[in-house]
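Encoded as structure tokens, the structure appears first; notes follow it.
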Amino acid sequence: MSSPEDTGALFVGVGARRGVTAAEVLELVAEALAGAGRAVSGVLALATAEEKAAEPGIAEAAEHLGVALLPFPVRELAPIAVPNPSAEVAAALGTPSVAEAAALAAAAAEARGPAAVELLVPKRVSRSGRVTCAVARGRLSNQGRGYTGEEEPGSLGSPVQEALAPRQAPARR
């Protein structure tokens, strides 16, 4: 049974090592969604870093699910505050997060303005350690300009960038 809090499009962020299989990606995505009490049918897209979008296992997983694959430049992912940053990923790709940041970026991009963007499932790592995923939800607010159809896919508007930007501590007095 769904409550109003359950509404909103789901976006799965995926990070992976080279050579990952679609089966590995799909298994972790299914586990993450089941753990959150969500169905695969609620997923609108898989999101990842541009550098990972060409990975056959990720592309095949998106195709198998029948959803879009949204690649984001690391320069858009890097400033997004996430609960589980990785120094190893930051050194390798230039962003401390792929799965969590991509999920949040995709949810925010879909909302195209002031929206409620929530990380439902923080980064999970597959048993093999080769795949990570996270799940975010984005809901349109009743205000803002909305989606016009003319925006570039993957481009974040400034209200969305501000909403996802790392929080700064208040100045001390």
Side-chain angles (χ1 to χ4, degrees), residues 8-33 36 38 40 42-112 115 117-138 151-167:
L10 300 178
F11 299 87
V12 178
V14 177
R17 296 187 189 264
R18 286 179 199 222
V20 68
T21 66
E24 289 175 283
V25 174
L26 291 168
E27 180 180 13
L28 185 59
V29 168
E31 288 174 12
L33 290 168
R38 300 297 202 263
V40 172
V43 176
L44 279 188
L46 291 188
T48 192
E50 282 179 338
E51 292 79 358
K52 299 293 179 180
E55 194 58 49
I58 294 175
E60 289 171 20
E63 185 176 329
H64 178 82
L65 294 171
V67 300
L69 179 59
L70 303 177
F72 288 90
V74 293
R75 72 178 179 281
E76 288 185 19
L77 299 179
I80 297 174
V82 297
N84 301 294
S86 166
E88 182 181 331
V89 172
L93 290 178
T95 179
S97 171
V98 173
E100 290 174 332
L104 288 166
E110 176 69 16
R112 302 286 185 201
V117 175
E118 175 187 12
L119 188 63
L120 290 178
V121 179
K123 178 173 73 174
R124 293 180 66 136
V125 181
S126 67
R127 288 178 198 86
S128 68
R130 295 168 37 89
V131 183
T132 60
C133 83
V135 181
R137 170 176 65 185
E151 292 87 349
E152 281 293 313
S155 65
L156 300 178
S158 57
V160 174
Q161 283 179 325
E162 291 169 16
L164 294 178
R167 305 289 185 242

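- Between the side chain of Glu100 and the backbone N or O of Leu119 there is no donor-acceptor pair closer than 3.5 Å.
- Nearest heavy atom pair, residue Phe72 against residue Ala47, reads CE1-CB, 3.9 Å.
- The two residues Ala53 and Pro71 make their nearest non-hydrogen contact at CB-CB, 3.7 Å.
- Sorted by first and then second residue, the side-chain hydrogen bond (donor to acceptor under 3.5 Å, both in side chains) pairs with a member in residues 50-66 form an empty list; sequence neighbours excluded.
- Across all their heavy atoms, Val98 and Ala49 have their closest contact at CG1-N, 3.8 Å.
- Judged by distance alone, the side chain of Thr48 and the main-chain N or O of Val14 form a donor-acceptor pair under 3.5 Å.
- The minimum heavy-atom distance between Val67 and Leu46, with the atom names listed, is CG2-N, 3.9 Å.
- Exactly one residue among Ser86, Cys133, Ser97, Pro83 makes a side chain to side chain contact (heavy atoms under 4.5 Å, CB included) with Lys123. That residue is Ser86.
- The two residues Ile80 and Ala105 make their nearest non-hydrogen contact at CD1-CB, 3.8 Å.
- Using a 4.5 Å heavy-atom threshold, the side chains of Leu33 and Leu10 count as touching.
- Between Val121 and Ala36, the shortest heavy-atom distance links the atoms CG2-CB, 3.5 Å.
- Environment of CZ in Arg17: sparse, with no more than 12 heavy atoms of neighbouring residues, nucleotides or ligands closer than 6.0 Å.
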